[in-house]
Amino acid sequence: MAILKSYGVRWRESTPQFPRPNLCDNYKRRNVKWRSPQAAVIPNFHLPMRSFEVKNRTSADDIKSLRLITAIKTPYLPDGRFDLEAYDDLMHMQIENGAEAVIVGGTTGEGQLMSWDEHIMLIGHTVNCFGGSIKVIGNTGSNSTREAIHATEQGFAVGMHAALHINPYYGKTSLDGLISHFDSVLPMGPTIIYNVPSRTGQDIPPHVINNVAQSPNLAGIKECVGNDRIEQYTGNGIVVWSGNDDQCHDARWSHGATGVISVTSNLVPGLMRELMFGGKNPSLNAKLLPLIEWLFQEPNPVGLNTALAQLGVVRPVFRLPYVPLPLEKRVGFVNLVKEIGRENFVGKNDVQVLDDDDFILVGRY
């Protein structure tokens, strides 16, 4: 007990003594205006920390003026991962030849074969490397409204200028459901709605578009139904891009379309720009139609992937279920390049006929 008492005495004696706070000092501290150190202030610097903050603040009006938008191809390494070096080369060729925007991860870019992590990474990469030279439109649509909302938040957070949204496919919904779906994503930023019934199994009728067009964020429609539908919208002041390369010349110059969202411009961006900017040019349109027909003889992007590999600008790697066109069709492409002129196509290598063994098909990626 004596030991415990002596220990307690020593502990009390060693307890540190702090001065009592002065209430007047506390009052003064509470009323002093805090000023941040000047070295920590970075004026006009924007760091996106929340989903609704965007690095490239773009209005729908900035998107509405675009005439040539390329649905950019995504190239792969032999193991199925993204070939970003080849992708960057494709982007440079689009910019140099006058494309004004790209769709990243669309059907042509095989967004349907990407994880969402890959998808958002590629959008962010495109923005960071090229966003100052070309508009980046991320395909963040989904047949799940929940996924569409989340992906669109992420896409705008990494800086995309606009979103592309498709109507819910396979698990189709009612017309009221379509309106609710689009109303869920339109508040996030500039949006293009994509109508392609051949892929979704459901047309987006004018009733739905006229309803959602009340949103200031609706930039316009990518319309694949045909030029009569396009003219119906443009007559009401709604911006439309043709989604059909074989109809885009007439859509642009005879039916009021602003431009085209193009697959063919992956191959001949300069000629497609001329088609959209140079006024009516039926001779150029007729020159390109055989190439366009060749590209779409099988579901896109089978033809485009084959063509770019034959031009030597991407590796001949396909993510399954896509496979290259057969040998006979590959020979036909070489002849088309010669007729149109190799100088009009992307890349610098001679076009060649690839053998079946030259292609790599990747099922696990």
Side-chain angles (χ1 to χ4, degrees), residues 60-61 63-64 66 69 71 101 103-109 111-112 137-152 155-156 160-248 250-252 255-263 296 299-301:
D61 288 339
I63 304 301
K64 290 178 180 180
L66 303 173
I69 303 173
I103 303 289
V104 178
T107 306
T108 305
Q112 62 275 12
I137 303 168
N139 171 32
T140 54
S142 172
N143 59 348
S144 161
T145 304
R146 175 175 175 266
E147 282 192 8
I149 291 171
H150 184 59
T152 304
F156 279 119
M160 69 182 184
H161 299 98
L164 180 74
H165 279 284
I166 202 165
N167 51 310
Y169 47 89
Y170 187 70
K172 297 182 291 185
T173 184
S174 64
L175 297 187
D176 287 342
L178 289 180
I179 293 171
S180 295
H181 176 80
F182 292 130
D183 282 345
S184 297
V185 293
L186 276 165
M188 299 179 193
T191 300
I192 297 173
I193 291 178
Y194 180 18
N195 186 32
V196 55
S198 63
R199 289 187 179 272
T200 64
Q202 183 182 35
D203 180 30
I204 306 174
H207 161 72
V208 172
I209 297 302
N210 291 333
N211 190 297
V212 299
Q214 299 173 32
S215 169
N217 281 333
L218 181 67
I221 314 301
K222 178 185 178 183
E223 183 57 74
C224 296
V225 165
N227 287 341
D228 289 341
R229 177 71 66 82
I230 287 175
E231 189 166 349
Q232 184 177 353
Y233 287 139
T234 57
N236 292 326
I238 296 174
V239 171
V240 185
W241 293 271
S242 175
N244 300 324
D245 283 352
D246 59 340
Q247 299 177 355
C248 71
D250 292 346
R252 171 79 176 95
H255 298 276
T258 296
V260 63
I261 297 179
S262 176
V263 176
F296 291 95
N300 181 53

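One is the number of the first residue; the rest follow in order along the sequence. For clarity, every value in this text was computed on a predicted model and none was experimentally measured.
Applying the side-chain hydrogen bond (donor to acceptor under 3.5 Å, both in side chains) criterion to N300, with sequence neighbours excluded, gives T108. With sequence neighbours excluded, the residues that form a side chain to side chain contact (heavy atoms under 4.5 Å, CB included) with S184 are T145, I149. The side chain to side chain contact (heavy atoms under 4.5 Å, CB included) test applied to A101 returns L66, I69, K135, I137, not counting sequence neighbours. Under the side chain to side chain contact (heavy atoms under 4.5 Å, CB included) criterion, A148 pairs with S142, H165, H181, V185, sequence neighbours left out. Here D183 pairs with nothing under the salt bridge (Lys or Arg N to Asp or Glu O under 4.0 Å) rule; sequence neighbours left out.
Listed here is the closest heavy atom pair of I230 and A257: CG2-CB, 4.0 Å. Taking each heavy atom of F182 and I204 in turn, the nearest pair found is CZ-CD1, 3.9 Å. Taking all atoms of both residues into account, the shortest heavy-atom contact from P168 to T173 is CG-CG2, 4.4 Å. Heavy-atom minimum distance, V260 versus C248: CG2-CB, 3.5 Å. For the pair N167 and Q202, the tightest heavy-atom approach, listed with the atom from each and the gap, is ND2-O, 3.1 Å. When all heavy atoms of N139 and G105 are compared, the pair lying nearest together is ND2-O, 2.8 Å.
The distance from the CD1 atom of I238 to the NZ atom of K64 is 9.5 Å, given to the nearest 0.5 Å. Here the OH atom belonging to Y194 is positioned 6.0 Å from the CD1 atom belonging to I166, to the nearest 0.5 angstrom. To the nearest 0.5 Å, the span separating NZ on K222 from CD1 on I193 amounts to 13.5 Å. Separating the NE2 atom in H255 from the CG atom in D228 is a distance of 6.5 Å, to the nearest 0.5 Å. Rounded to the nearest 0.5 Å, atoms CD1 (I221) and CD1 (I261) are 10.0 Å apart. Here CD1 of I179 is found 9.5 Å from CD1 of I209. Values are rounded to the nearest 0.5 Å.
No donor-acceptor pair closer than 3.5 Å links the side chain of D250 to the backbone N or O of N227.
Applying the side chain to side chain donor-acceptor pair (under 3.5 Å) test to residues at least two apart or on different chains, none of the pairs has a partner in residues 205-217. Within the structure, side chain to side chain donor-acceptor pair (under 3.5 Å) contacts touching residues 234-248 (residues at least two apart or in different chains) are N244-Q247, D245-S262, D245-T264. Screening residues 204-218 for salt bridge (Lys or Arg N to Asp or Glu O under 4.0 Å) gives no qualifying pairs among residues at least two apart or on separate chains. Within the structure, every pair that satisfies the salt bridge (Lys or Arg N to Asp or Glu O under 4.0 Å) test and touches residues 186-206, not counting sequence neighbours, is listed here: D203-R229. Residue pairs meeting the salt bridge (Lys or Arg N to Asp or Glu O under 4.0 Å) criterion with at least one partner in residues 206-215, sequence neighbours excluded, are absent. For residues 163-176, no pair satisfies salt bridge (Lys or Arg N to Asp or Glu O under 4.0 Å), with sequence neighbours left out.
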